[in-house]
Amino acid sequence: MKFVHRVLLDAVEAGASDIHFEPFERFYRIRLRIDGVLRETRRPPPALSARLAARLKVMAQMDIAERRVPQDGRIKLADGRTAIDFRASTLPTVYGEKVVLRVLDSSSARLGIDQLGLEPEPRQRYVDALHRPQGMLLVTGPTGSGKTVTLYAGLNMLNVEHRNIATAEDPVEIHVDGINQVQVNGKVGLDFAAALRAFLRQDPDVLMVGEIRDPETAETAVKAAQTGHLVLSTLHTNSAAETLTRLRNIGVPAYNIATSVTLIVAQRLARRLCPQCKRPVAVSKDQLLAAGCAEADLDARFQLFDANDEGCADCSHGYRGRTGLHEVVEVAPSLQRLILAEGDSLALAQQARALGYEDVRRAGLRKAMRGVTSLREIDRVTARG
């Protein structure tokens, strides 16, 4: 169906990360997630619902006769210049099958450290942790916050001839030459923990596990970090302090956390203001203080900007692209002592601030004051402290 082909190509050209095909009782809609925000782009006739789902399932090599259970697949689409990969997922709803396609952008796996949006000091902490011979480096944040891209930027720096790098992922979205990537498969017993145990028999230097989500994976990752390996992984937590308490809740003893975790990167993605149509705004001192700015920040001269909701030819509703907001915390001796004392996340966060580490919101406010993004966007992606 030419219509489906056109939708996919238009989504790629628009820079979408996801494409949603959604059936409802009285209408059918197609939405694109661009720069982290879903926007409706088309409303084909509802009568096409089954045909659209069937066409997408054929392209993804799924069973078109099975409509009762979710299915996963992969689509490779050639646009004449290059091949574009999509990860496909179906979901049976009361009005038909919803299909979501994730655009797999291989170029994101080749991003360098300098393209992540890290400030100079946090960037150096991240690079220093990557060049340690052992330890655990964790990247945290909600789904869609760019954790995998941050990990791969680090892996690309480490991906040289004399290092053996292995990753366990679910799924392997982006293929990288020089890195041994394993697709986990729980149906045959190849979960994250099993893959990690196999890696340890393969003479590894650097290990990456897609996510720590159970005690067995956490225990194996900790042992690897304590026995001369650099381990990179992710957790779904909101801050560095919550990451440390989350590991304890999973079942990792405090002394193992203190001796294995070396660095935590908590992050979000915020939309960049379009440089062509962003507009200056006046914000009072009281509003800035309420937003979380420090008194010292207000002494400097800066101009805040907001998005032009109308947008222009170069952007989508006043924004174009995204930048990272990062909290990069090195697990220093004072934090290790607090971990051993089983301090809660509030105490750990206070200690991190005392050591001079900025949280995600503070990092975002700095970028707003430089005109990179808006206060409105920072409020959308971060919580007020």
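No hydrogens, no waters, no symmetry mates; every other heavy atom, side chains included, goes into these values.
At a cut-off of 3.5 Å, with distance as the only test, no side-chain donor of D177 or N159 sits close to an acceptor on the other residue. A side-chain donor from one of N256 and Q226 sits under 3.5 Å from a side-chain acceptor of the other. Defined by atom type and a distance below 3.5 Å, a donor-acceptor pair is missing between the side-chain atoms of S374 and E377. Between the side chains of T323 and K367, at least one donor N or O lies within less than 3.5 Å of an accepting N or O. In this model, no donor atom of one side chain and acceptor atom of the other lie less than 3.5 Å apart for S345 and T245.
Other residues, nucleotides and ligands contribute more than 12 heavy atoms inside 6.0 Å of the CZ atom of R380. Heavy-atom contacts from other residues, nucleotides or ligands closer than 6.0 Å to CD of Q303 number more than 12. Atom CD of E121 has 12 or fewer neighbouring heavy atoms from other residues, nucleotides or ligands inside a 6.0 Å radius. Within a 6.0 Å radius of CD in E40, more than 12 heavy atoms belonging to other residues, nucleotides or ligands are found. For K223, the NZ atom sits in a loose shell: 12 or fewer heavy atoms of surrounding residues, nucleotides or ligands are nearer than 6.0 Å. No more than 12 heavy-atom neighbours from other residues, nucleotides or ligands sit within 6.0 angstrom of CZ on R246. Atom CZ of R51 has 12 or fewer heavy atoms from other residues, nucleotides or ligands within 6.0 Å.
With salt bridges taken as basic N to acidic carboxylate O contacts below 4.0 Å, one links R132 and E330. Salt bridge R125/E119: absent, no basic N to carboxylate O contact under 4.0 Å. A salt bridge links R361 with D379; the closest basic N to acidic carboxylate O contact falls under 4.0 Å.
Remark: side-chain polar atoms of Q181 are paired, donor with acceptor, to backbone N or O of V176 under 3.5 angstrom. A donor-acceptor pair under 3.5 Å links the side-chain atoms of Q336 to the main chain of A258, judged by distance alone. Remark: the backbone N or O of Q202 is paired with a side-chain donor or acceptor of N164 at under 3.5 angstrom. Remark: side-chain polar atoms of Q351 are not paired, donor with acceptor, to backbone N or O of L348 under 3.5 angstrom. Side chain of T373 to backbone of R271: a donor-acceptor contact under 3.5 angstrom is found. When atom types are taken as modelled, the side chain of Q267 and the backbone of G146 share a donor-acceptor pair closer than 3.5 angstrom. In this structure, D35 contributes its side chain and G321 its backbone to a donor-acceptor pair below 3.5 Å. The backbone N or O of R31 lies less than 3.5 Å from no partner atom in the side chain of H20, so there is not a single donor-acceptor pair.
Residues C293 and M369 are in side-chain contact: their nearest non-hydrogen atoms beyond the backbone lie under 4.5 Å apart.
With respect to L138, the side-chain contact (heavy atoms from CB on, under 4.5 Å) criterion is satisfied by exactly one of L151, I212, T234: I212.
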Applying side-chain contact (heavy atoms from CB on, under 4.5 Å) to L304 and L288, what does each step give before you reach the verdict?
CA-CA 10 Å; L304 292 173; L288 290 172; 3.5 Å; yes
